[in-house]
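Everything on this sheet refers to the single structure shown next.
What you see is a predicted model, and the numbers here were worked out from it, not measured in a lab. Index from 1, following the sequence.
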Amino acid sequence: MKIDILSLFPDMFNGPMGESIIGKAKENNLLDINVTDFRKFTTDKHNHVDDYPFGGGAGMLLQAQPIFDALTYTQNKAKEQNIPKGKIILMDPAGKKFDQKAAENLSKEEHLTFICGHYEGYDERIKSLITDEYSLGDFVLTGGELPAMVMIDSTVRLLPEVLGNQESAPGDSFSTGLLEYPQYTRPAEFRGMKVPEVLTSGNHQKIALWKQKEALRKTYLRRPDLIDHNKLTATQKKLLADVRIEEEK
């Protein structure tokens, strides 16, 4: 996958985008990340990329010209490498909320471009370039760099061969529609707290049922809104009924 990022603060990506899973994906040539400072494309002699909004209003808006020209530059570079245009993503508080399903969809793309805003907002004409607008939630940050990093991390880990254990991603919270079941490692007892006996029993059928039940329990207690009863299997419906009885005692 190729990822282009348009940002006024490219240095923000130097550390996080070179560590851990992302760093390993780059080392293994599974990922190519390029950050472009769109200030370098301004035609303003003072290198301004923002201006006051027509009609008045608070703050400054990013101008269309630097972003248009920066995107043309990165798209032409991709074209030279026979890489498709792909998704062009604007980080915007007014965008649709980013979630696991969105990450799964983006992970199927060969090329992603993230445009990271700053200041009060964008010249609306920038949105003529965009295929998708995303927000992390109902809050406002100082810029789009941190949301872009979060989206990139969430997306890249879903690429084939990026995670060491290929069963890790499909079993994540939200990927199955449920929160992930509790997990334990050695020692089997720590400060009086014991690992559930079923997990050390070696009975794989019972372990699988326990995992389903505890995933349902955690979701029922913490995020009941995630449970789509129409998608539950007959076994899951029975387990959920048992959970409700146990939790109401």
message: So for atom CD, which belongs to Q81, do other residues, nucleotides or ligands contribute more than 12 heavy atoms lying within a distance under 6.0 Å?
response: yes

message: On a heavy-atom basis, which atom in I207 and which in G202 lie closest, and how many Å separate them?
response: CD1-N, 4.4 Å

- prompt: What closest approach, in Å, do S107 and E104 show between heavy atoms, and which atom pair accounts for it?
  reply: OG-O, 2.7 Å

message: Could you tell me if the side chain of Q236 sits less than 4.5 Å from the side chain of T233, heavy atoms only?
response: yes

message: If you count every heavy atom of other residues, nucleotides or ligands that lies below 6.0 Å from E247 atom CD, does the total exceed 12?
response: yes

- prompt: Do the rings of F9 and H118 sit parallel, tilted or perpendicular, given the 30° and 60° boundaries?
  reply: tilted

query: Counting only heavy atoms not in H229, do more than 12 sit closer than 6.0 Å to its NE2 atom?
result: yes

query: With distance as the sole criterion, is a donor-acceptor pair present between the side chains of T36 and N34 under 3.5 Å?
result: yes

- request: Quick one: closest heavy-atom pair of A64 and D123, and the distance?
  value: N-CB, 4.0 Å

query: Nearest 0.5 Å, what's the NZ-CG distance between K238 and L209?
result: 10.0 Å

query: Hey, does I33 have a side-chain heavy atom less than 4.5 Å from the side chain of I22?
result: yes

message: With clusters defined by side-chain heavy atoms of hydrophobic residues (ILVMFWY) lying less than 4.5 Å apart, directly or transitively, does I83 cluster with L30?
response: no

Euclidean distance, M91 CE relative to Y122 OH, rounded to 0.5 Å: 7.5 Å

- prompt: So, Q65 versus D69: side-chain donor-acceptor pair below 3.5 Å or not?
  reply: yes

query: Hey, is K2 close enough to E110 for a salt bridge, meaning N to O under 4.0 Å?
result: no

- request: Start with the C-alpha gap between I89 and T113, add the side-chain angles, then the distance that decides, and say whether side-chain contact (heavy atoms from CB on, under 4.5 Å) holds.
  value: CA-CA 6 Å; I89 299 163; T113 300; over 6 Å; no

message: Can you tell me if E189 has over 12 outside heavy atoms packed within less than 6.0 Å of its CD?
response: yes

field: Under-4.0 Å salt bridge between D132 and K96
entry: yes

- prompt: Side chains of N203 and V198: does their closest heavy-atom pair fall under 4.5 Å?
  reply: no

task: Answer yes or no: is there an ion pair linking R217 with E246, defined by an N-O contact shorter than 4.0 Å?
output: yes

field: Ionic contact status for K24 with E27, cut-off 4.0 Å
entry: no

- request: Decide side-chain contact (heavy atoms from CB on, under 4.5 Å) for V243 and K213; before the verdict, give the C-alpha distance in whole Å, the side-chain angles of both, and the deciding distance to 0.1 Å.
  value: CA-CA 7 Å; V243 165; K213 184 176 182 179; 3.8 Å; yes

field: Main-chain N/O of P84 paired with H111 side-chain donor or acceptor, under 3.5 Å
entry: yes

message: Less than 4.5 Å apart, side chain to side chain, heavy atoms only: is that true for D44 and D51?
response: no

field: Shortest non-hydrogen contact between M1 and L106, atoms and distance
entry: CE-O, 3.4 Å

message: Within the structure provided, determine whether L8 and L62 are in side-chain contact (heavy-atom separation under 4.5 Å).
response: yes

message: Surrounding NZ of K237 (heavy atoms of other residues, nucleotides or ligands, distance under 6.0 Å), is the total greater than 12?
response: yes

field: Minimal non-hydrogen separation, P147 against G143, with atom names
entry: CD-O, 3.6 Å

query: Can you tell me how far the NZ atom of K108 sits from the CG atom of L159, to the nearest 0.5 Å?
result: 12.0 Å

Residue F139 excluded, over 12 heavy atoms near CZ under 6.0 Å: yes

- prompt: Can you hop from I3 to V150 via hydrophobic side chains spaced under 4.5 Å?
  reply: yes

message: L129 vs F68, test: side-chain contact (heavy atoms from CB on, under 4.5 Å). Steps then yes/no.
response: CA-CA 8 Å; L129 303 170; F68 266 72; 3.6 Å; yes

message: side-chain contact (heavy atoms from CB on, under 4.5 Å) for C116 and E145? Distances and angles first, verdict last.
response: CA-CA 6 Å; C116 304; E145 286 77 15; 3.6 Å; yes

query: Rounded to the nearest 0.5 Å, what separation is found between the CG atom of L239 and the NZ atom of K211?
result: 14.5 Å

query: At what distance, to the nearest 0.5 angstrom, does CG of D4 lie from CD of Q75?
result: 7.5 Å

message: Check whether R39 reaches the backbone of N47 with its side chain - one donor and one acceptor, N or O, closer than 3.5 Å.
response: yes

message: Please check this pair: side chain of S135 against backbone of K97, looking for a donor-acceptor N/O pair closer than 3.5 Å.
response: no

query: Which heavy-atom pair separates A215 from Y181 by the least distance, and what is that distance?
result: N-CB, 3.9 Å

Transitive ILVMFWY side-chain link V140 to L136, under 4.5 Å: no

message: Take a 6.0 Å sphere around OH of Y52 and say whether it holds more than 12 heavy atoms from other residues, nucleotides or ligands.
response: no

task: Please state whether the rings of Y73 and F41 are parallel, tilted or perpendicular, taking 30° and 60° as the class boundaries.
output: tilted

message: Do the side chains of E133 and K127 get close enough for a salt bridge, i.e. N-O under 4.0 angstrom?
response: yes

query: To the nearest 0.5 Å, what is the distance between CZ (R125) and CD (Q63)?
result: 9.5 Å

message: Same cluster or not: I130 versus L61, using hydrophobic residues (I, L, V, M, F, W, Y) connected whenever any side-chain heavy atoms lie under 4.5 Å apart?
response: no

task: State whether D225 and R223 are salt-bridged, where the test is any N-O pair (Lys NZ or Arg NE/NH1/NH2 against Asp/Glu carboxylate O) under 4.0 Å.
output: yes

- prompt: Do you reckon I245 sits in the same ILVMFWY cluster as L221, going by side-chain contacts under 4.5 Å, direct or chained?
  reply: no

Any side-chain heavy-atom pair of Y134 and D92 under 4.5 Å: no

task: Kindly indicate whether the side chain of R244, heavy atoms from C-beta on, has any atom under 4.5 Å from the side chain of L240.
output: yes

- request: Keeping the roles fixed (side chain from D153, backbone from M149), state whether a donor-acceptor pair exists under 3.5 Å.
  value: no

- request: Taking K218 for its side chain and E180 for its backbone only, find out whether a donor-acceptor pair lies under 3.5 Å.
  value: yes

